[in-house]
Amino acid sequence: MNKADISLLNKNNIKKGRLIDLMPEFYELKELVESNYWHNKETVFNHILSVLDNLEKIIRNLREETKQVLNEIVEKKSRKDLLRVAALFHDIGKKETMIDFNGFMDFPGHEQKGAEKAVKILKRFNLSKKESKIVADIIKNHSLAHEIITPENSNFQKEYKNFRKKFLDSIYLELILLAFADTIGSYLKKTKPTVFRYKIDFYKKELKNLPPRKMDKL
């Protein structure tokens, strides 16, 4: 069976429904509406498309050295390619994990569930096992930055130091970029403006000062 190329995973193809037969799980997210501090009666489907747009804008404005690192080829695809795929599937596990607290939705464990679900979907595409694992690792850990990088975290210094140390030589850049893109399109700007600004300022500063690094721990 011929596998599809991940170049098909673009916003135009997705919006026009060209990939329904290839990944029906993704289109199920059109029916999943979430409301909480981060989302205002927004479908997961539309949120993901917004994150993809935000990610492209952020990447265009990165330093040239950082862009070069994202262009690093893992085996067949670049880190940027894999990051885009991870962004597309980062919330794919929300359908199975949603809990509705009287209109306030939470999705405990959607990161792990999403990583497992994404690996199955990605078997239909021409990624190597190593590349699929990178995508899964980004998805599995994509909420860590949200949880740690907030003025509400009294243990920020220790948790952030450990987070950075753990992922710096692997997917740290990808996790920061995805968290940044995810935050920009969130409703947090209205529900928690101080938290929103803190996060945005942190990501901007981090991307400006972060030394470009190759992936060593994969």
Side-chain angles (χ1 to χ4, degrees), residues 29 32-44 46-59 61-63 66 70 83 86-94 97-115 135-211 213:
L29 301 179
L32 188 62
V33 178
E34 53 182 325
S35 292
N36 47 44
Y37 293 125
W38 284 77
H39 306 280
N40 181 34
K41 298 178 180 179
E42 178 184 33
T43 67
V44 178
N46 286 338
H47 163 67
I48 289 173
L49 295 184
S50 173
V51 171
L52 288 174
D53 280 341
N54 295 335
L55 184 61
E56 292 300 331
K57 292 175 184 176
I58 293 168
I59 290 174
N61 291 309
L62 289 174
R63 295 179 302 158
T66 308
L70 284 176
L83 173 58
L88 179 64
F89 292 118
H90 78 281
D91 281 344
I92 195 72
K94 283 191 170 180
T97 58
M98 186 182 79
I99 300 176
D100 189 341
F101 297 98
N102 296 317
F104 188 97
M105 286 77 169
D106 193 15
F107 304 87
H110 80 274
E111 302 89 351
Q112 178 63 41
K113 183 64 179 180
V135 172
D137 285 345
I138 296 171
I139 295 170
K140 183 170 64 176
N141 294 288
H142 81 268
S143 291
L144 291 177
H146 293 323
E147 297 165 2
I148 295 170
I149 302 166
T150 173
E152 299 166 332
N153 184 7
S154 59
N155 202 29
F156 168 79
Q157 292 295 339
K158 180 179 179 180
E159 291 182 4
Y160 172 66
K161 181 179 179 180
N162 291 336
F163 169 66
R164 197 175 192 273
K165 181 179 180 180
K166 180 177 180 179
F167 296 107
L168 189 59
D169 294 327
S170 56
I171 57 171
Y172 180 77
L173 175 58
E174 285 82 352
L175 293 176
I176 291 297
L177 287 168
L178 181 52
F180 190 8
D182 206 4
T183 302
I184 289 175
S186 74
Y187 200 57
L188 207 62
K189 188 174 183 178
K190 292 188 177 182
T191 57
K192 293 189 174 185
T194 301
V195 174
F196 176 83
R197 180 43 54 191
Y198 179 93
K199 289 176 178 288
I200 294 298
D201 288 346
F202 180 93
Y203 296 134
K204 287 182 177 179
K205 182 178 179 181
E206 186 70 355
L207 289 170
K208 182 179 179 180
N209 298 324
L210 183 66
R213 300 173 73 101

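Model, not experiment: these values are computed from the prediction. Nothing fancy with the numbering, it's 1 onward along the sequence.
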Heavy-atom side-chain proximity of [X] to [Y] below 4.5 angstrom:
X	Y	answer
Leu177	Leu70	yes
Thr97	Gln112	no
Leu55	Leu83	yes
Ser35	Phe104	no
Ile184	Lys57	no

State the [atom1]-[atom2] distance between [X] and [Y], to the nearest 0.5 angstrom.
X	Y	atom1	atom2	value
Lys204	Ile58	NZ	CD1	9.5 Å
Asp100	Glu34	CG	CD	11.5 Å
Ile59	Asn54	CD1	CG	11.0 Å
Asn162	Leu144	CG	CG	11.5 Å
Met98	Asp106	CE	CG	10.5 Å
Tyr187	Asn40	OH	CG	4.0 Å

Exercise for review: Go through the structure and list residues passing ring pair (Phe, Tyr, Trp, His ring centres under 6.0 Å) with His47, not counting sequence neighbours.
Suggested key: His39, His90

Point to revise | Set of ring pair (Phe, Tyr, Trp, His ring centres under 6.0 Å) partners for Tyr160, sequence neighbours left out | key: Phe156, Phe202

Would the distance check show the side chain of [X] and the main-chain N or O of [Y] forming a donor-acceptor pair, the cut-off being under 3.5 Å?
X	Y	value
Thr150	Glu147	no
Thr191	Tyr37	yes
Thr183	Ala179	yes
Asn153	Ile148	yes
Lys41	Val33	no
Asn36	Met105	yes

Review point. Do Leu173 and Leu207 pass the side-chain contact (heavy atoms from CB on, under 4.5 Å) test, and can you show the C-alpha distance, the side-chain angles, and the key distance before you say yes or no?
Key: CA-CA 8 Å; Leu173 175 58; Leu207 289 170; 3.8 Å; yes

State, to 0.1 Å, how close [X] and [Y] come at their nearest heavy-atom pair, and which atoms those are.
X	Y	answer
Gly114	Ile92	O-CG2, 3.4 Å
Pro108	Ile99	CG-CD1, 3.6 Å
Gly185	Ser50	CA-OG, 4.1 Å
Leu175	Phe163	CD1-CE1, 3.8 Å
Ile48	Leu88	CG2-O, 3.4 Å
Arg63	Asn209	NH2-C, 4.5 Å

Consider only side-chain N and O atoms of [X] and [Y], and report whether a donor and an acceptor are under 3.5 Å apart.
X	Y	result
Asn141	Glu111	no
Glu206	Tyr172	yes
Asn46	Thr43	yes

**Study point:** Worked check of side-chain contact (heavy atoms from CB on, under 4.5 Å) between Asp137 and Lys140
**Key:** CA-CA 5 Å; Asp137 285 345; Lys140 183 170 64 176; 4.0 Å; yes

Point to revise | Residue pair Ile176, Leu210: steps toward the side-chain contact (heavy atoms from CB on, under 4.5 Å) verdict | key: CA-CA 10 Å; Ile176 291 297; Leu210 183 66; 5.7 Å; no

Check your understanding: Do any pairs count as a salt bridge (Lys or Arg N to Asp or Glu O under 4.0 Å) and have a residue in residues 180-197, sequence neighbours left out, and if so which ones?
Key -> Glu152-Lys192, Arg197-Asp201

Review point. Given the rule in the ring pair (Phe, Tyr, Trp, His ring centres under 6.0 Å) test, do Tyr203 and Phe180 qualify, once you have shown the distances and angles that lead to the verdict?
Key: CA-CA 6 Å; Tyr203 296 134; Phe180 190 8; 5.7 Å; yes

Practice item. Run the numbers on His142 and His110 for side-chain contact (heavy atoms from CB on, under 4.5 Å), then give the verdict. Key: CA-CA 10 Å; His142 81 268; His110 80 274; 3.4 Å; yes

